Amino acid sequence: MAKGKPTQAEPACRLYLVTPPALEPAAFAPLLAEALDAGDVACVQLRLKDCPEDDIRRACDVLRPIAQERDVAFILNDHPRLAREAGCDGVHVGQTDTPYRDARKILGNDAIVGVTCHDSRHLAMIAGEEGADYVAFGAFFPTTTKTAEYKAEPELLSWWSELMEVPCVAIGGITAENCAPLVTAGADFLAVVNAVWGHPQGPGAGVRALNAAIGAALAGSAG
Ligand SMILES: Cc1ncc(COP(=O)(O)OP(=O)(O)O)c(N)n1
Ligand SMILES: Cc1ncsc1CCOP(=O)(O)O
Ligand SMILES: [Mg+2]
């Protein structure tokens, strides 16, 4: 994920992989490599919830090079200081995490800082004005990965992408089967957990299916 909007050489909507909420780094490493070698992925977010910082640091040490060696940005969820110390490309913060401005101070201007904005135009405008590299909206569909308290609609993505330059990420229950309305509404990135790591044929098949669905949706909306 380069900072700013995708360049012309990149598809208008790209995959943003979020790791499962718990993982064993050595066992997960080949699955991550399989996913990233299966097709276009803009970034990987390491999202380990309720996990000691030392374990997160160890997971960064194992997983970060797998992403960065492939020119895929490696973003840490929730922990700006740890993200800086562990050489991550950026951090994702939610509305009850470290505030955006503090995260930016910790990581500096070159890092990617993304902000959860749920279903809120207001939160997104604030994050965009403050300098966030992307705003994340969701959940668009039912999800078992996280208890989602907010429900976003595709119109939010079209409103945002018509008005704003700051890229938007769609998250929550997204699959190859249901993603087309989000792509045509203008999502710059689709963030997924279960559709890739829970794919019955493995994460590579999950990435291929999602990229095929994104490509089909973009082709269908081009004419
Ligand atoms: C890309 C992306 N969007 C939203 C979230 C959710 O962040 P948050 O609301 O802070 O919840 P947790 O993920 O920390 O449980 C995200 N992580 N990534
Ligand atoms: C982290 C997060 N934030 C809102 S929904 C969600 C989980 C998305 O996971 P899945 O793609 O499996 O629904
Ligand atoms: Mg958070």
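Numbering of ligands and ligand atoms starts at 1, following listing order. All values derive from a computational prediction rather than experimental measurement.
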Shortest-distance N, O or S atom of D78 relative to the Mg ion (ligand 3): OD1

For the Mg ion (ligand 3), find the closest N/O/S atom belonging to D97 and write down its atom name. OD2

Closest protein heavy atom to [atom], given as residue, atom name and distance to 0.1 Å:
atom: atom 5 (S) of ligand 2; result: G172 CA, 3.7 Å
atom: atom 13 (O) of ligand 1; result: R47 NE, 2.7 Å
atom: atom 3 (N) of ligand 2; result: K146 CD, 3.4 Å
atom: atom 12 (O) of ligand 2; result: T145 OG1, 2.5 Å
atom: atom 7 (O) of ligand 1; result: T116 OG1, 2.9 Å
atom: atom 14 (O) of ligand 1; result: K49 NZ, 2.7 Å
atom: atom 10 (O) of ligand 1; result: D97 OD2, 2.9 Å
atom: atom 1 (C) of ligand 2; result: R47 NE, 3.5 Å
atom: atom 18 (N) of ligand 1; result: Q45 NE2, 3.0 Å

If you measure from each heavy atom of V18 to ligand 2, is any distance below 4.0 Å? no

Contact between ligand 2 and G138 is defined here as a heavy atom of the residue under 4.0 Å from a ligand atom; is it met? no

Using 4.0 Å as the upper bound for N to carboxylate O, is an ion pair formed by [Y] and [X]?
X: R47; Y: D78; value: no
X: D55; Y: R58; value: yes
X: R81; Y: D102; value: no

With a 4.5 Å heavy-atom cut-off, do N194 and T143 have their side chains touching? no

Tell me, do F141 and T175 make a side-chain contact under 4.5 Å, heavy atoms counted? no

Mind listing the closest non-hydrogen atom pair of [X] and [Y] along with its distance?
X: I214; Y: R14; value: CD1-C, 4.5 Å
X: L31; Y: P203; value: O-CG, 3.7 Å
X: A103; Y: V91; value: CB-CG1, 4.2 Å
X: L46; Y: C60; value: CD2-SG, 3.7 Å

Between [X] and ligand 1, find which residue part has any heavy-atom pair under 4.0 Å and reply side chain, backbone, both or neither.
X: K146; answer: side chain
X: V18; answer: neither
X: T96; answer: neither

Under 4.0 Å from one or more heavy atoms of G173, ligand 2 contributes atoms 10 (P), 11 (O), 13 (O)

Show me which atoms of ligand 2 lie under 4.0 Å from any heavy atom of V192. 11 (O)

Under 4.5 Å between side-chain heavy atoms, hopping through other hydrophobics if needed: is there a path connecting M125 to L123? no

When clusters are formed by joining ILVMFWY residues with side-chain heavy atoms under 4.5 Å apart, either directly or through shared neighbours, do Y150 and F137 land in the same one? no

Checking contacts here: is it the side chain or the backbone of V193 that comes within 4.0 Å of ligand 2, counting heavy atoms only? Could be both or neither. both

Proximity to ligand 2 by part of N194, non-hydrogen separation under 4.0 Å: both

Got a donor-acceptor contact below 3.5 angstrom from the W197 side chain to the V18 backbone? yes

Return yes when atom CZ of R57 has more than 12 non-hydrogen atoms of other residues, nucleotides or ligands closer than 6.0 Å, and no otherwise. yes

Y134 N/O to ligand 1 N/O under 3.5 Å: no

So is there a nitrogen or oxygen of Q95 less than 3.5 Å from a nitrogen or oxygen in ligand 1? no

Are F189 and ligand 1 in contact, using a heavy-atom cut-off of under 4.0 Å? no

Which class fits the ring pair Y134 and Y16: parallel under 30°, tilted 30 to 60°, perpendicular over 60°? perpendicular

Number the atoms of ligand 1 from 1 as they appear, then name those within less than 4.0 Å of a heavy atom of A136, with their elements. 3 (N)

Please state which option from H79, H118, H92 has its nearest heavy atom closest to atom 2 (C) of ligand 1. H92

